[in-house]
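Since the structure comes first, as structure tokens, the remarks are kept for the end.
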Amino acid sequence: MVVDYSSPNLAKEMHVGHLRSTIIGDALARVLEKLGHEVIRQNHVGDWGTQFGMLLAHLEDVDGDSDELADLENFYRAAKAQFDSDPEFAERSRGKVVSLQAGDPAIRAQWQKFIEISLSHCQQTYDRLGVTLEMTDVMAESAYNDELPDIIDKLRAADLLTESDGAQCVFLDEFTGKDDKPLPVIVQKSDGGYLYATTDLAAVRLRARDLKIDRALYLTDARQNLHFKQIFAVARKAGFCDETLALEHHPFGNMLGKDGKPFKTREGGVIKLNELLDEAEARALALVSEKSPDLEVAERIEIARVVGIGAVKYADLSKNRTSDYIFDWDQMLSFEGNTSPYLQYAYSRIQSIFRRGGIDAAKLTAVVSLDSPEERALAVNLVRFQEVLEQVAQDGFPHFLCTYLFGLATSFMRFYEACPILNADEPVKASRALLCQRTAQTLQEGLSLLGIGTVERM
RNA sequence: GCGCCCGUAGCUCAACUGGAUAGAGCACCGGAUUUCUAAUCCGGUGGCUGCAGGUUCGAGUCCUGCCGGGCGCGCCA
């Protein structure tokens, strides 16, 4: 199966809006893999659209040299502003896109530079987030370029193509727009350029024909709902894939500011992912220093990193929002309640027990006896793990796993309060130690499937 | 205008796809530490699940109609 996720537009720095697709997609890929599926990660980065025409046209004007992505960010902003206000510039930008798609060597070289800077930035962010995406998972829009003329040909051969106002369109009866007029899927612009619909059709075909997958999960925001409905319908009609390929769009809402409006900081830009992670680590470091001042500085920093990043990821993973939701620093960086630090804390407590008791967790054997309600509740939770993973895989909802792990950690905390372990007599001691071991193992594995780490102490 | 999504405690979210008294966390109030980490645990306050009908033995969940919000609907992605 293919998990299509993250998919940022290049030439802009990654911001908080990219978080959900990246993190949810990564968790799903991990869970599917864990269950034995062959998972192909695909990062369908936007490197081919009009925005690059804008950049290239702007580059022509300013004759600048942008090595830093921060520059590229400003560069993009300036280009965008001119694109919106200057028809001549907009026209020239579209021309650049056509040249780019036609393979003009000089244009390609300039474009390549933008791509490299931007991709390496993305990779840094993935590494920092602990996301399993690699450069080899990048399957950019541009990768489908050579396929696009053939996509048009095949659509024409299937008698699906209609010319409308100079553009090549596919009209399907089930889609209508304003005033009940048929709604087109535009696959080729009047100037000959291709669009993201064309690319997505080529992607479906490649996944069906070459990758021979039987399931594709698309993780994007909900605004692309109609788009994917259309793409999937056209792809089936054109024979790019058959009914045995499950095409699933998993939408989610946008992140909004506290005022409920699209997310902007006072400066007018979105919050960058790196800023969010910096803040998360800083808050976690302050807390770990307060709670465990006796730990070495280096260890505190490492704990803060794992805890801070985990908190951010968990905040997103634990929710199943298909509509927009409000971003809130305090909520996203909370370390109490249903959060990853709570789960990590439960794990570290168990490690602490093993350290204190000189117990080698790997060598534990015991007959588990469940005498108290707390022991029974914990054991019941432990055996549900597999079933939860299957549910996550089936529905594409990582929050099922979060809910489960929180319940598991809660039942462990109660057990911990009620049942002494190291001070218990044998064979109860060994039984409880084994419960601890299984709990720690499940917490670690569960968190790992969410892309979140654990620490030995915190 | 048409279409998609959403509306659950003050706030952020759950509810195994139609099952029992709608659950958690945060916030607020009150407790617990001579014992393995108090980033914890225990108790309490807080609900006409937007409104009105309908289907059903049973509805937060399904159907209809309203109200409120978000998004989408021809050459952006």
Side-chain angles (χ1 to χ4, degrees), chain A residues 7-9 44 46 48-51 53-54 80 83 90 94 97 141 164-169 171 175-191 193-197 199-200 220-227 229-230 251-254 256 260-262 284 287-288 290-292 307 315 318-326 328 330-332 334-339 341-342 344-346 348-357 359 384 387-388 391 395 399-400 402-404 406-407 409-410 412-414 416-424 432-433 436 457-458:
Chain A
S7 308
N9 278 320
H44 193 89
W48 210 233
T50 303
Q51 73 266 29
M54 285 162 33
K80 171 75 174 158
F83 184 86
R94 293 196 187 91
V97 178
E141 291 183 314
S164 174
D165 295 334
Q168 297 299 322
C169 305
F171 290 94
F175 299 106
T176 53
K178 289 172 187 166
D179 307 323
D180 241 22
K181 281 197 293 199
L183 196 60
V185 179
I186 302 177
V187 290
Q188 189 172 22
K189 295 189 282 187
S190 49
D191 66 6
Y194 303 105
L195 295 108
Y196 78 139
T199 308
D200 276 332
T220 82
D221 73 78
R223 286 178 301 185
Q224 301 192 38
N225 235 316
L226 176 61
H227 166 72
K229 270 191 183 134
Q230 290 179 314
F252 42 79
N254 284 302
L256 305 178
K261 290 180 189 155
L287 189 60
V288 73
E290 175 197 324
K291 302 280 184 186
S292 309
V307 169
S318 61
K319 295 177 179 66
N320 172 34
R321 296 290 297 180
T322 54
S323 58
D324 295 345
Y325 67 110
I326 309 286
D328 180 78
D330 292 332
Q331 189 203 319
M332 184 156 258
S334 164
F335 300 139
E336 290 175 347
N338 187 6
T339 65
Y342 180 84
Q344 290 163 327
Y345 183 59
S348 71
R349 274 185 143 180
I350 297 171
Q351 300 312 309
S352 175
I353 291 169
F354 292 156
R355 268 197 310 275
R356 289 266 178 155
I359 295 170
R384 286 184 48 227
E387 158 199 332
V388 170
Q391 192 83 147
D395 298 339
H399 82 279
F400 286 161
C402 296
T403 303
Y404 165 75
F406 180 60
T410 301
F412 169 75
M413 295 291 196
R414 287 174 182 157
Y416 179 92
E417 300 280 341
C419 306
I421 296 141
L422 297 178
N423 294 335
R432 289 179 177 170
C436 285
R457 65 189 107 221
M458 60 189 279

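Labels below follow one simple rule: chain letters A, B, ... track the order of the sequence lines, proteins then strands, and each chain is numbered from 1.
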Distances under 3.5 Å between protein N/O atoms and the N/O atoms of nucleotides 59-62 of chain B, please, pair by pair.
none

Requested in this report: Measure the distance from CD on A/Q230 to P on B/rG3 and round it to the nearest whole Å.
Outcome: 15 Å

Query raised in the report: Looking only at heavy atoms, what is the nearest atom pair of A/T50 and A/K189, with distance?
Result: OG1-NZ, 4.1 Å

Report task. Quick one: list whatever passes side chain to side chain contact (heavy atoms under 4.5 Å, CB included) with A/A346, sequence neighbours left out. Result -> A/A409, A/F412, A/M413, A/L443

Using a cutoff of under 3.5 Å, can you pull out all pairs of nitrogen or oxygen atoms linking the protein to nucleotides 15-17 of chain B, with atom names and distances?
unit_1: B/rA15; atom_1: OP1; unit_2: A/H399; atom_2: NE2; d: 3.1

Requested in this report: Could you tell me the separation between the CZ atom of A/F252 and the P atom of B/rC5, rounded to a whole number of Å?
Outcome: 17 Å

Query - Glycosidic class, syn or anti, of B/rG74 using a 90° window around 0 - result: syn

Query - Sequence-distant partners of A/I359, side chain to side chain contact (heavy atoms under 4.5 Å, CB included), two or more places apart - result: A/F354, A/L364, A/L422, A/A433

Query raised in the report: Can you list the residues that meet the salt bridge (charged side-chain N to carboxylate O under 4.0 Å, His left out) rule with A/R94, with sequence neighbours excluded?
Result: A/E91

Query raised in the report: Atom CZ of A/R321 to atom P of B/rC13: distance rounded to whole Å?
Result: 5 Å

Query raised in the report: side-chain hydrogen bond (donor to acceptor under 3.5 Å, both in side chains) with A/N9: which residues, sequence neighbours excluded?
Result: A/Q51

Report task. Cation-pi check, A/R384 to A/Y404: give yes when NZ or CZ is under 6.0 Å from the six-membered ring centre and within 45° of the ring axis, no otherwise. Result -> no

Requested in this report: Could you pull out all residues at least two apart from A/T339 that satisfy side chain to side chain contact (heavy atoms under 4.5 Å, CB included)?
Outcome: A/S334, A/P341, A/Y342

Query raised in the report: When rounded to the nearest Å, what value does the distance between C1' atoms of B/rC5 and B/rC42 take?
Result: 40 Å

Requested in this report: Provide the distance between the two C1' atoms, one in B/rU8 and one in B/rA59, to the nearest whole Å.
Outcome: 14 Å

Requested in this report: Produce a footprint string for nucleotides 32-39 of chain B: one letter per nucleotide, 5' end first; B if the base is under 4.0 Å from any protein heavy atom, S if only the sugar-phosphate is, - if neither.
Outcome: ---SBBSB

Query raised in the report: A/D328 has an atom CG; how far is it from atom C1' of B/rA27, in whole Å?
Result: 13 Å

Query raised in the report: Dot-bracket for RNA chain B, 5' to 3', with Watson-Crick and G-U pairs under 3.5 Å, [ ] for crossing pairs and | for other-strand pairs: what is it?
Result: (((((((..((((.....[...)))).(((((.......))))).....(((((..]....))))))))))))....

**Report entry** Contacts of type side chain to side chain contact (heavy atoms under 4.5 Å, CB included), residue A/T176, not counting sequence neighbours
**Finding:** A/D180

Requested in this report: Indicate syn or anti for B/rU17, taking the glycosidic torsion and treating anything within 90° of 0 as syn.
Outcome: syn

Query raised in the report: For nucleotides 72-77 of chain B, read 5' to 3', which letter fits each nucleotide if B means a protein heavy atom sits under 4.0 Å from the base, S means only the sugar-phosphate is that close, and - means neither?
Result: SBBBSB

Report task. Return the set of residues passing ring pair (Phe, Tyr, Trp, His ring centres under 6.0 Å) with A/F400 (not counting sequence neighbours), or none when no residue passes. Result -> A/F397

